[in-house]
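In what follows, a structure is listed as structure tokens, so that the remarks can point back to it.
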Amino acid sequence: MLKVLLASRNAGKLREFSELLPDFQFALWPKEAPELPETGAFFQDNALQKAEGARAWWRDHGPEPVDGVLADDSGLCVDALWGGPGVLSARFAPDLSEYRRKNQRLLDMLPEGAGRGARFVCVLAYLPWTGGAFTVSGSVEGSLAREHRGEDGFGYDPIFIPAGHDRTFGELPADIKHSLSHRARACAALRQRLT
Ligand code: IMP
């Protein structure tokens with residue numbers, strides 16, 4: 001079984017990785033470890049930056065050996081907002097702590113009559129303990145709901161309706177999200193690359 005350091009403290013992502021990659025054994029990014037910088041302009045840059053930062057820290061401080069490091073950089077890209085918040089999704093509306101309010105602010109930013117097209121994007125960087133990194137990605141097309149709907153999932157899930165459905169990711173059961181999400185597609189690509 002592959003033992004992988006997951007370079008994230010996002011509880012929503014952690015839950016999804018354990019469901020999407022149940023055959024991986026994960027070491028979690030410890031509380032005492034530093035925040036991993038993500039200063040790049042693209043999802044790929046940030047995913048690689050997080051994976052490399054995590055490997056460097058783990059080399060000196062990690063309590064157990066791992067086979068590799070996995071980092072996820074992801075976000076919601078809204079057509080009417082020129083692809084934003086995109087790579088800045090985690091830092092959108094920093095003055096608000098609750099996603100219900102962040103989501104409302106994002107919906108309020110859509111110009112009257114604008115299209116509601118959006119997509120979730122996920123880039124995964126995998127860095128073997130020794131050797132070079134690679135990235136894989138996945139995305140899911142959809143549209144923005146009129147208001148926050150549903151309490152499942154995390155982040156922007158309650159305002160995103162995947163194409164072909166009429167419920168948001170906040171309303172759909174996790175198994176449906178996992179059959180078509182950006183993260184599920186990136187995980188499928190990761191699995192292919194690793195085998
Ligand atoms: P980052 O990858 O650490 O930059 O954070 C990505 C941010 O995008 C998260 O904090 C969420 O706000 C959002 N995000 C990424 N994936 C999802 C998802 O599957 N559902 C809802 N929000 C997501």
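Atoms within a ligand are numbered from 1 in the order they appear, just like the ligands themselves. What's counted below: heavy atoms across the whole structure, side chains too, no hydrogens, waters or symmetry copies.
- Side-chain contact between S8 and D72 is absent, with no heavy-atom pair separated by less than 4.5 Å.
- Close approach to H182 involves these atoms of ligand 1, each under 4.0 Å from a residue heavy atom: 16 (N), 17 (C), 18 (C), 19 (O).
- For atom 19 (O) of ligand 1, the closest non-hydrogen atom on the protein side is K177 NZ, 2.7 Å.
- A donor-acceptor pair under 3.5 Å is absent between the side-chain atoms of K3 and the main chain of A27, judged by distance alone.
- V66 is not connected to F17 by any chain of hydrophobic side-chain contacts under 4.5 Å among Ile, Leu, Val, Met, Phe, Trp and Tyr, and they are in different clusters.
- Looking at atom 15 (C) of ligand 1, its nearest protein heavy atom turns out to be S74 OG, 3.1 Å.
- Under a 4.0 Å heavy-atom criterion, S181 is not in contact with ligand 1.
- The ligand atoms of ligand 1 that sit less than 4.0 angstrom from a heavy atom of S89 are 7 (C), 8 (O).
- Within the 4.5 Å cutoff, the side chain of L21 has no heavy atoms near those of the L2 side chain.
- Counting heavy atoms only, F154 comes closest to atom 17 (C) of ligand 1 of the residues Y156, F154, F169.
- If you number the atoms of ligand 1 from 1 as listed, the ones under 4.0 Å from a heavy atom of G155 come out as 21 (C), 22 (N).
- Residues L14 and F26 fail the side-chain proximity criterion, which asks for heavy atoms closer than 4.5 Å.
- With respect to atom 5 (O) of ligand 1, the closest heavy atom belonging to the protein is A90 CB, 3.3 Å.
- With respect to K177 and D152, no salt bridge is recorded, no charged nitrogen being found less than 4.0 Å from a carboxylate O.
- Between F43 and the choices C122, C77, S139, the side-chain contact (heavy atoms from CB on, under 4.5 Å) rule is met once, by C77.
- Using the six-membered ring where Trp is involved, F120 and Y156 have ring planes that are tilted, between 30° and 60° apart.
- With respect to atom 16 (N) of ligand 1, the closest heavy atom belonging to the protein is R183 NH2, 2.9 Å.
- Close contacts between ligand 1 and K50 involve ligand atoms 1 (P), 2 (O), 3 (O) [criterion: under 4.0 Å to a heavy atom].
- I159 and M109 fall within a single hydrophobic cluster, where Ile, Leu, Val, Met, Phe, Trp and Tyr side chains are chained together by heavy-atom contacts under 4.5 Å.
- Shortest contact from atom 20 (N) of ligand 1 to any protein heavy atom: D157 OD1, 2.7 Å.
- R91 does not count as a contact of ligand 1, since none of its heavy atoms falls under 4.0 Å from the ligand.
- For atom 9 (C) of ligand 1, the closest non-hydrogen atom on the protein side is N10 ND2, 3.9 Å.
- By heavy-atom distance, the residue among E38, R9, K13 lying nearest atom 2 (O) of ligand 1 is K13.
- By the criterion of a heavy-atom distance under 4.0 Å, neither the backbone nor the side chain of K102 is placed next to ligand 1.
- For atom 11 (C) of ligand 1, the nearest non-hydrogen atom of the protein is Y99 OH, 3.8 Å.
- Residue L76 does not touch ligand 1, judged by heavy-atom distances below 4.0 Å.
- Taking the centre and axis of the six-membered ring of Y126, the NZ or CZ atom of R193 falls outside the cone set by 45° and 6.0 Å.
- Ion pairing between a basic and an acidic side chain is recognised when a charged N comes within 4.0 Å of a carboxylate O; R105 and D95 show such pairing.
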